[in-house]
Amino acid sequence: AQTVTQSQPEMSVQEAETVTLSCTYDTSENNYYLFWYKQPPSRQMILVIRQEAYKQQNATENRFSVNFQKAAKSFSLKISDSQLGDTAMYFCAFMKQADMRFGAGTRLTVKP
Amino acid sequence: DAGVTQSPTHLIKTRGQQVTLRCSPISGHKSVSWYQQVLGQGPQFIFQYYEKEERGRGNFPDRFSARQFPNYSSELNVNALLLGDSALYLCASSLAWEETQYFGPGTRLLVL
């Protein structure tokens with residue numbers, strides 16, 4: 001079974017600085033999808049970024065980018081120019097067919 | 001465009017009762033997935049439905065059941081409620097069964 005591990009329960013960063021959240025996963029599959037979702041306090045889950053495993057190029061979305069290392073089964077999220085609105089729980093997720101598995105999350109606090 | 005909607009937003013039940021949660025997907029989306037998120041943890045996959053057929057089931061007991069209607073909306077039913085069923089229940093929709101999932105705001109269930 002696929003498992004997703006986020007080894008950083010909590011992180012903090014100063015406004016305007018850069019922070020990287022870590023994620024590793026375990027799978028024997030070759031084709032799959034990886035995601036980062038953001039969940040602000042008491043608010044709904046929002047898609048941050050998506051990566052297809054067959055693509056070597058790392059996905060980027062404005063200030064958000066990933067470092068996808070397929071052989072190492074690593075999928076980290078880099079947030080540049082952090083903003084106060086980035087404060088949230090961040091979940092890494094692995095999807096193969098109908099089953100999506102989430103990590104336990106990293107609580108990110110952006111400090112002014 | 002309306003996003004994923006869920007009802008009710010909050011619900012209080014007692015042990016042994018039954019509950020039905022409802023979800024309406026984004027217009028044009030034909031797949032609905034259900035997740036349970038216990039406080040402080042990542043979401044756990046319960047079911048995925050695509051074109052009114054079950055396409056995936058997580059490791060949940062038979063007390064949990066779901067269905068999808070011709071308009072692609074979905075219901076999640078939980079029978080014989082236990083205290084441990086207290087959680088945020090998330091619904092997500094996607095265009096197809098292995099596409100990016102977009103989440104609703106969730107239904108917070110408290111079992112007393």
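So that the names make sense, note that chain A is the first sequence line, chain B the second, and so on, each numbered from 1.
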Worksheet item: Pick from A/Phe102, A/Tyr37, A/Phe35, A/Tyr33: which one has the most heavy-atom pairs with chain B under 4.5 Å?
Response: A/Phe102
Discussion item. So which residue, B/Gly40, B/Gly104, B/Ser94, ends up with the most heavy-atom pairs under 4.5 Å with chain A?
Written reply: B/Gly104
Fill in: Residue, of B/Ser33, B/Pro105, B/Gly56, B/Ser31, that accumulates the most heavy atom pairs under 4.5 Å with chain A
B/Pro105
Examine whether an atom of [X] lies under 4.5 Å from a heavy atom of chain A, and if so say whether it belongs to the side chain, the backbone or both; otherwise answer neither.
{"X": "B/Gln101", "result": "both"}
{"X": "B/Glu98", "result": "both"}
{"X": "B/Tyr35", "result": "side chain"}

Practice prompt. In plain terms, say whether A/Arg63 and A/Asp86 are close enough for a salt bridge, that is, a side-chain N and a carboxylate O under 4.0 Å apart.
Written response: yes
Worksheet item: So, B/Lys13 and B/Asp85, do they make that salt bridge, N to O below 4.0 Å?
Response: no
Worksheet entry | Engaged part of A/Gln6 at the chain B interface, taking heavy atoms whose separation is under 4.5 Å | neither
Discussion item. We want to know whether B/Ser7 and B/Arg22 form a side-chain donor-acceptor pair, criterion being a heavy-atom distance below 3.5 angstrom.
Written reply: no
Worksheet item: Looking at the rings of A/Phe75 and A/Tyr25, which for Trp means the six-membered one, are their centres under 6.0 Å apart?
Response: no
Fill in: Worked check of side chain to side chain donor-acceptor pair (under 3.5 Å) between B/Tyr72 and B/Tyr49
CA-CA 9 Å; B/Tyr72 302 109; B/Tyr49 277 77; over 6 Å; no
Discussion item. Quick one: does any side-chain atom of B/Arg63 pair with a main-chain N or O of B/Asn79 as donor and acceptor, under 3.5 Å?
Written reply: yes
